[in-house]
Amino acid sequence: MEELLHYILSSLVENKEAISIECNEEPNAVILTAEVDEKDVGKIIGKNGKVAQAIRSILHSACYKDGKKVIFKIKR
């Protein structure tokens, strides 16, 4: 899951070295917290949060088979 999120984020941001992903697995959920460069936060969130919602949809689809909920957070 972390690899998929890293691939998506590295496709969107300019400073790829600043990507940091923290993964916490709980019994019913996977919590992914991403931290990127300050200049790239807007690219991850997108207009009205549409890019972030699209990322959540992709992660949900990837994790659907396991029956777990995916929570994607962006650290500022």
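- Pairing each heavy atom of F72 with each of A34, the nearest pair is CE1-CB, 3.9 Å.
- Note: the hydrophobic cluster containing I44 does not contain I31 (ILVMFWY, side chain heavy atoms under 4.5 Å, direct or indirect links).
- Partners of V70 under the side-chain contact (heavy atoms from CB on, under 4.5 Å) rule, at least two apart in sequence or in another chain, are L32, L59, C63.
- Under the 4.5 Å side-chain heavy-atom criterion for Ile, Leu, Val, Met, Phe, Trp and Tyr, Y64 and I58 are members of distinct hydrophobic clusters.
- Looking at R56, its side chain never comes within 3.5 Å of a backbone N or O of I71 through a donor-acceptor pair.
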Give the table of side-chain donor-acceptor pairs shorter than 3.5 Å for residues 9-22, with sequence neighbours excluded, one pair per line with atom names and distance.
from, atom 1, to, atom 2, distance (Å)
S10, OG, H6, O, 3.0
S10, OG, Y7, O, 3.0
S11, OG, Y7, O, 2.9
E14, OE2, K43, NZ, 2.7
K16, NZ, S10, O, 2.8
K16, NZ, V13, O, 3.2
E22, OE2, N24, ND2, 3.4

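- The 12-atom threshold is exceeded at CG of D66, counting heavy atoms of other residues, nucleotides or ligands nearer than 6.0 Å.
- In summary, E26 and K68 do not engage in a salt bridge, as defined by a charged side-chain N under 4.0 Å from a carboxylate O.
- Here the CD1-CG distance, from I45 to D40, works out to 11.5 Å after rounding to the nearest 0.5 Å.
- Summarising the geometry of V30 relative to C23, their closest heavy-atom pair is CG1-SG, 3.9 Å, with the distance given to 0.1 Å.
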